[in-house]
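When reading the values below, keep in mind they use all heavy atoms of this one structure, side chains included, and skip hydrogens, waters and symmetry mates. Position 1 is the first residue of the sequence; numbering continues from there.
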Amino acid sequence: MTVSTKGRYALRVMVDLAEHASGDFIPLRAIAERQNISQKYLEAIMTSLSKNGLVEGAHGKGGGYRLARKPEDYTAEEIVRLCEGTLAPVGCMKDGECCDRADCCPTRPMWEGLDRTINDYLRRWTLADLARGAQEASR
């Protein structure tokens with residue numbers, strides 16, 4: 001499993017929103033500058049996050065984005081999965097892509113365990129945890 005740029009950037013953007021949460025909308029330009037991400041690429045990411053209810057967006061003067069929930073109510077797994085679609089370590093673990101050897105495959109239990117480990121690990125990290133870690137690292 002490799003997390004794409006979209007997944008990594010979405011997580012960074014969500015951490016940025018958590019770090020700068022004041023209730024106000026944060027301009028996309030400010031986020032793009034702080035995170036050194038192209039504003040155009042960031043627009044696509046924010047559209048996906050907004051359509052799926054992770055962030056709220058507002059247009060016009062005073063517009064931008066803000067978290068739809070408290071930082072502790074998001075997990076890294078939720079954010080990355082939204083962008084990646086799957087976190088499966090191998091193709092046969094993806095939803096609906098089971099091969100005809102799945103019932104007798106001697107390696108399937110190992111891949112299932114790795115899949116559980118990945119998901120469980122990412123579920124343990126909240127956006128609040130990541131924002132706290134970023135703030136501590138910047139001191």
| task | Just do the side-chain contact (heavy atoms from CB on, under 4.5 Å) check on D129 and R124 with the steps written out, would you? | result | CA-CA 9 Å; D129 295 332; R124 286 195 301 251; over 6 Å; no

| query | Do Q35 and Y9 come close enough that some side-chain heavy atom pair is under 4.5 Å? | reply | no

| query | Between CE of M46 and CE of M14, what distance do you get to the nearest 0.5 Å? | reply | 7.5 Å

| request: Would you mind reporting whether L49 and L82 have side-chain heavy atoms less than 4.5 Å apart? | output: yes

| query | Would one find more than 12 heavy atoms of other residues, nucleotides or ligands at under 6.0 Å from atom CG of D120? | reply | yes

| note | Rounded to the nearest 0.5 angstrom, the CD1-OH distance for I45 and Y65 is 11.0 Å

| field | Separation between CG of N36 and CD1 of I31, rounded to the nearest 0.5 Å | value | 14.0 Å

| task | Return the minimal non-hydrogen interatomic distance between A18 and L127, and the atom names on each side. | result | CB-CG, 4.0 Å

| query | Counting N and O atoms only, with roles assigned by atom type, does the side chain of Q39 sit under 3.5 Å from a partner on the main chain of L28, one being a donor and the other an acceptor? | reply | no

| Sidechain-backbone polar pair: R34 side chain, D16 backbone, donor-acceptor under 3.5 Å | no

| said: Quick check: do M110 and V90 have side-chain heavy atoms less than 4.5 Å from each other? | reply: no

| Taking all atoms of both residues into account, what is the closest heavy-atom pair of C83 and A10, and its distance? | SG-CB, 3.3 Å

| query | When rounded to the nearest 0.5 angstrom, what distance separates OG in S22 from CG in L17? | reply | 10.5 Å

| task | Measure across A68 and G53 and return the closest heavy-atom pair with its distance rounded to 0.1 Å. | result | CB-O, 3.3 Å

| field | Test item: E72 side-chain N/O and A128 main-chain N/O as donor-acceptor pair under 3.5 Å | value | no

| Minimum side-chain heavy-atom gap L54-E78 below 4.5 Å | yes

| query | Between CG of L130 and CD of E19, what distance do you get to the nearest 0.5 Å? | reply | 9.5 Å

| Do L122 and V13 sit in the same hydrophobic cluster, where Ile, Leu, Val, Met, Phe, Trp and Tyr count as joined when their side-chain heavy atoms come under 4.5 Å apart? | yes

| Shortest non-hydrogen separation from N119 to D115 and the atoms involved | ND2-O, 2.8 Å

| request: Could you tell me whether the side chain of R8 and the main chain of V3 form a donor-acceptor pair under 3.5 Å? | output: yes

| query | Donor-acceptor pair, R66 side chain versus E56 backbone, under 3.5 Å? | reply | no

| query | Roughly how far apart are I26 CD1 and H20 NE2, rounded to 0.5 Å? | reply | 7.0 Å

| So does Y41 have more than 12 non-hydrogen atoms from other groups sitting under 6.0 Å from OH? | yes

| task | Kindly give the heavy-atom pair with the smallest separation between P89 and I118, and that separation in Å. | result | CB-CD1, 4.2 Å

| Side chain of Y74, backbone of R69: donor and acceptor closer than 3.5 Å? | yes

| note | Heavy-atom closest pair (A131 atom, V15 atom, distance to 0.1 Å) is CA-CG1, 3.9 Å

